[in-house]
Amino acid sequence: MTVRRVLKMGEPLLGQVAAPVERFDAELQGLVQDMDDTMRALNGAGIAAPQIGVSLRVVIFEVADNPRYPHVSPVPYTVLVNPELTPLGTEQAEGWEGCLSVPGLRGLVPRYTRLRYRGYDLRGAPIERTVEGFHARVVQHEVDHLDGILYPQRIEDMRNFGFEDALGARMTPMPD
Ligand code: NI
C-alpha cells in the first residue's frame, strides 16, 4: 500500500505529453497499484499516472454507486493503458468537474456526451467500449491529463470556476 503524493496544478510534469507504455510488466503493475492506493485514499473517481509523477499513458477510474451523487451512474473499475478516444457525434454537455491536482476547486466543463474508447488493460488485452454520460466525462478528463491538459483549461466562462465551498447551490457536485 503506497499512497503517493499527488502533483498540483503548476507543477511542470502535469503539463507534459506522457509517453506510451511499451511493456506490460511488473513495473506497470506496481505503478497501477500505487495509482489505485492513491485514488482510493483520496476518494477520487479517477487518476492518471502523471498525477503521481510518472509521465506514462495510464489512467484508472471507478465510480461506485454513491448516494452523494444520485445523478451519476456507476462506472466499472477500469485500468486503461495507451487510450484513444473517438467522440461519437458532436453533442456536448456541461458538468462541474473537480480534480485531485486542483484541490478545493470546481469548474463547469463541456465534454462530448458519447464516445468510443480503445486501449489495453493491465495485462495488455485490448479494451473497446462505447460509453456516454459520466463514464464518457471521466475518461475525457483522465485522458486529458496524458496530454498535459487540466480541466480549468477547458472552462469556457471563468465565472463558472471557483472554490467548492463558495459555489454552493450553483454547482451540482460530481465525483472528482
Ligand atoms: Ni484530474
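Whatever order the structure lists ligands and atoms in, that order sets their numbers, starting from 1. Please read all numbers here as calculations on a predicted model, not as lab measurements.
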Non-hydrogen side-chain atoms of Ile60 and Thr78 separated by less than 4.5 Å
no
Determine yes or no for a side-chain-to-main-chain donor-acceptor pair under 3.5 angstrom, with Thr38 supplying the side chain and Asp36 the backbone.
no
So the protein N/O/S atoms within less than 2.8 Å of the Ni ion (ligand 1) come down to Cys99 SG, His141 NE2, His145 NE2
Test item: side-chain donor near acceptor, Tyr151 and His145, under 3.5 Å
no
Quick check on the 6.0 Å ring-centre criterion: do His141 and Phe134 meet it?
no
Using modelled atom types only, decide if a donor and an acceptor are shared between the side chain of Arg57 and the backbone of Val81 within a distance under 3.5 Å.
no
CZ/Phe163: more than 12 non-hydrogen atoms of other groups inside 6.0 Å
no
